[in-house]
Amino acid sequence: MALSGRRQLDTRQRSAGCASPNKCDEVRKVFQLKQIGPNQLLPLSPRPGSDLQVCMSKNLTCCTKKMEEKYQVAARRDIQNHLQTSSSSLKFLISRNVAAFQETFEALMRQAENYTHVVLQESYRSMADQAVGPVRELFTDISLFLLGSELSVDDLVQRFFDALFPLVYNHLINPGLTDISPSYAECVRSSRRDLRPFAAVPGLLADQISRSGVSGKLLLQALHLGIEVINTTDHLQLSRECRRAMLKMHYCPHCQGLTQSKPCMGYCLNVMRGCLASMAEIDSHWREFVHSLEGLSARMQGPQDLEQVLLGVHTLLHDAVGHSQNTGPRLSAQLHKLCGPPSRKPAQSVSLQHSSRDSIPLKASVRVSGDSLAVRRRDFLNSLRLYRTFYGGLADQLCVSELASGDGHACWNGTDIVKSYTLRVVGNGIKAQSANPEVKVKVADPVINQIIDKLKHINQLLQGKSIPKLGSLDQIETGSGDADGRYSGDCDDEDGCGGSGGDEVKRKVPRVSKLSPDVTGDQKHRHHNHHYPPAEDSAKEGRSRSFGLTGAIWVLILPCLHMLLAL
């Protein structure tokens with residue numbers, strides 16, 4: 001009975017055409033409460049609305065043209081607030097997991113670096129302290145690569161093993177009381193590509209980091225694009241046609257004093273489906289986006305399991321150094337031919353070496369906090385799956401949960417309060433809007449088209465349709481290979497595909513077979529273009545001999561010094 005009475009009251013008030021000044025008082029209160037504009041814009045009493053462009057009525061009105069302009073701004077602000085509220089939980093879900101994945105990457109990097117330091121200290125203590133810098137640089141570069149840098153994995157792995165080989169030679173293959181001289185160390189370093197002291201390990205490590213790293217980078221890139229899609233649709237720029245339709249649906253009833261009315265469900269659907277028609281075009285691509293992320297996650301196992309690869313670096317390194325020790329005599333003989341006899345620093349470097357080792361404590365192993373990457377991905381995708389139809393049903397969701405009147409209630413149809421909306425209700429998407437009685441939609445929004453194109457592209461990448469076997473994610477279209485079309489990683493690290501590892505010098509090194517971990521045809525690959533140690537005159541050779549003689553003298557003197565110190 002109360003509902004029926006209210007309907008009759010609304011009808012009487014509508015017939016009166018805002019005849020009561022109290023009606024404009026109610027409009028004034030809502031106008032002020034929603035901070036739509038200054039109250040001075042409101043008339044003191046109902047007036048003819050001949051100057052209105054959208055909220056036109058035969059009855060007297062509580063609106064002016066200036067009020068209508070403010071209402072249109074408010075309608076646009078309201079719809080953006082509704083869009084942002086609807087997407088807030090989805091946006092938070094993706095943003096939170098982007099941060100979580102990045103934190104997990106960094107924790108894995110710290111743990112993998114610490115594992116490597118521990119292995120070096122326990123197994124190769126004599127060179128562990130000097131290897132701290134190269135190891136730190138390696139994992140820093142890997143971290144930068146994962147977080148989006150355009151670094152070449154081949155290059156960064158080669159630089160690491162280039163820096164490691166002189167240390168291995170000096171401390172494990174041909175140890176001495178003093179370190180080898182910088183010039184001799186440079187010759188050892190530049191010979192590494194040809195001698196292959198670490199067998200196939202550098203190539204294997206580069207391959208594993210590239211495969212797993214591309215997947216990890218792609219996951220982060222996809223999530224960042226997900227946030228970009230949401231930000232774009234949250235700030236959708238409405239057409240003039242839509243702004244007028246929103247004004248008519250939300251605030252034109254106020255002009256007639258109907259501040260509590262809500263639009264009919266069918267009317268709301270037509271307006272919202274029209275204004276969000278371009279957004280509805282995202283639906284199929286967003287569904288595919290969620291499905292493609294699931295496919296990528298399923299493939300991130302074995303060689304593409306970033307966690308497994310990073311935490312296995314120390315094992316590969318141990319194998320690589322062990323192989324160089326096992327082939328030490330051969331490597332030493334080859335280096336003697338390439339670089340001459342070992343040239344070492346003066347003897348006072350002995351004390352410095354010991355003090356350096358004592359000053360660097362053994363790093364404790366740090367366990368990754370929280371869940372593993374696989375668990376995080378699984379939980380995230382389980383949550384994201386709930387939003388796979390988000391863009392297809394957004395207009396309907398807004399009308400049902402926020403904007404429209406419930407079934408059985410009197411509602412606003414754009415011109416009057418009625419029992420129900422009688423015009424045709426169109427579907428979602430651009431094509432369906434040709435029959436929309438409330439909003440004329442001509443073409444898709446160009447900004448939405450751009451975001452759809454980005455989704456199409458990332459979906460291809462996620463599905464593996466555009467990803468080369470290896471290479472930087474930022475060079476997906478062309479690969480990171482040379483002019484012949486060979487992608488980085490196609491050749492073994494030791495084959496010399498990436499130059500000498502120096503920033504200013506690039507060497508052409510003959511290709512070595514991948515089938516054998518050792519260089520079996522040393523004479524075959526030893527050409528005149530190798531870098532030999534500087535030996536333009538006999539003076540340098542003489543200095544080398546004098547350093548060797550000095551070392552021999554120290555061998556005789558040191559026991560005496562120890563006896564004197566003991567006294």
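Computation of the quantities below employed the complete heavy-atom set of this structure, encompassing side-chain atoms and omitting hydrogens, waters and symmetry-equivalent molecules.
The minimum heavy-atom distance linking K65 with L52 is given by the pair N-CD2, 3.7 Å. Taking every heavy atom of both residues into account, A100 and R376 meet most closely at CB-NH1, 3.5 Å. Nearest heavy-atom pair, C252 versus W412, reported as atom, atom and distance to 0.1 Å: CB-CZ2, 4.0 Å. The two residues S278 and I448 come nearest to each other via the heavy atoms O-CG2, 3.3 Å.
Taking the six-membered ring where tryptophan is involved, the planes of H82 and H250 are essentially parallel, since the angle between them stays under 30° and well short of 60°. By the 30° and 60° cut-offs, the orientation of the rings of Y251 relative to Y71 is parallel.
Checked against the 2.5 Å cut-off, the SG-SG distance between C55 and C255 does not fall under it.
Residue E228 qualifies as enclosed at atom CD: its count of foreign heavy atoms under 6.0 Å is above 12. Annotation for Q260: atom CD does not count as buried by contact number, only 12 or fewer foreign heavy atoms lying within 6.0 Å.
Side-chain contact between Y421 and P437 is present, with at least one heavy-atom pair separated by less than 4.5 Å. A heavy-atom distance below 4.5 Å is not found between the side chains of V425 and M265. Under the 4.5 Å side-chain criterion, counting only non-hydrogen atoms from C-beta, V98 is in contact with I227. Two residues are said to be in side-chain contact when any heavy atoms from C-beta on lie closer than 4.5 Å; T64 and L42 fail this criterion.
For the pairing with L276, the side-chain contact (heavy atoms from CB on, under 4.5 Å) check across N428, V271, L83, V439 returns one residue only, L83. Put simply, the residue from T116, V309, L204 that forms a side-chain contact (heavy atoms from CB on, under 4.5 Å) with L316 is L204.
For F289, the ring-ring contact (aromatic ring centres under 6.0 Å, His included) test picks out W286, with sequence neighbours left out.
The OG atom of S215 lies 10.0 Å from the CG atom of L462; values are rounded to the nearest 0.5 Å. Rounding to the nearest 0.5 Å gives a distance of 10.5 Å between SG of C268 and CD of E402. We find the CD-CD distance between Q304 and Q208 to be 11.5 Å, quoted to the nearest 0.5 Å.
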*Quick one: do E241 and V441 satisfy side chain to side chain contact (heavy atoms under 4.5 Å, CB included)? Show the steps, please.*
CA-CA 8 Å; E241 194 68 36; V441 181; over 6 Å; no
_Worked check of side chain to side chain contact (heavy atoms under 4.5 Å, CB included) between V73 and E69_ = CA-CA 7 Å; V73 173; E69 293 172 0; over 6 Å; no
*Step by step, work out the side chain to side chain contact (heavy atoms under 4.5 Å, CB included) result for H285 and I451.*
CA-CA 10 Å; H285 307 289; I451 211 70; over 6 Å; no
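Remark: D283 engages R287 in a salt bridge, criterion side-chain N to carboxylate O under 4.0 Å. A salt bridge is defined here as a Lys NZ or Arg NE, NH1 or NH2 lying under 4.0 Å from an Asp or Glu carboxylate O, and D207 with R211 meets this definition.
Residues K91 and N231 have side chains that bring a donor and an acceptor to within less than 3.5 angstrom of each other. A side-chain donor-acceptor contact under 3.5 Å links Q463 and E288.
Panel note: side chain K217, backbone F145; a donor-acceptor pair is recorded below 3.5 Å.
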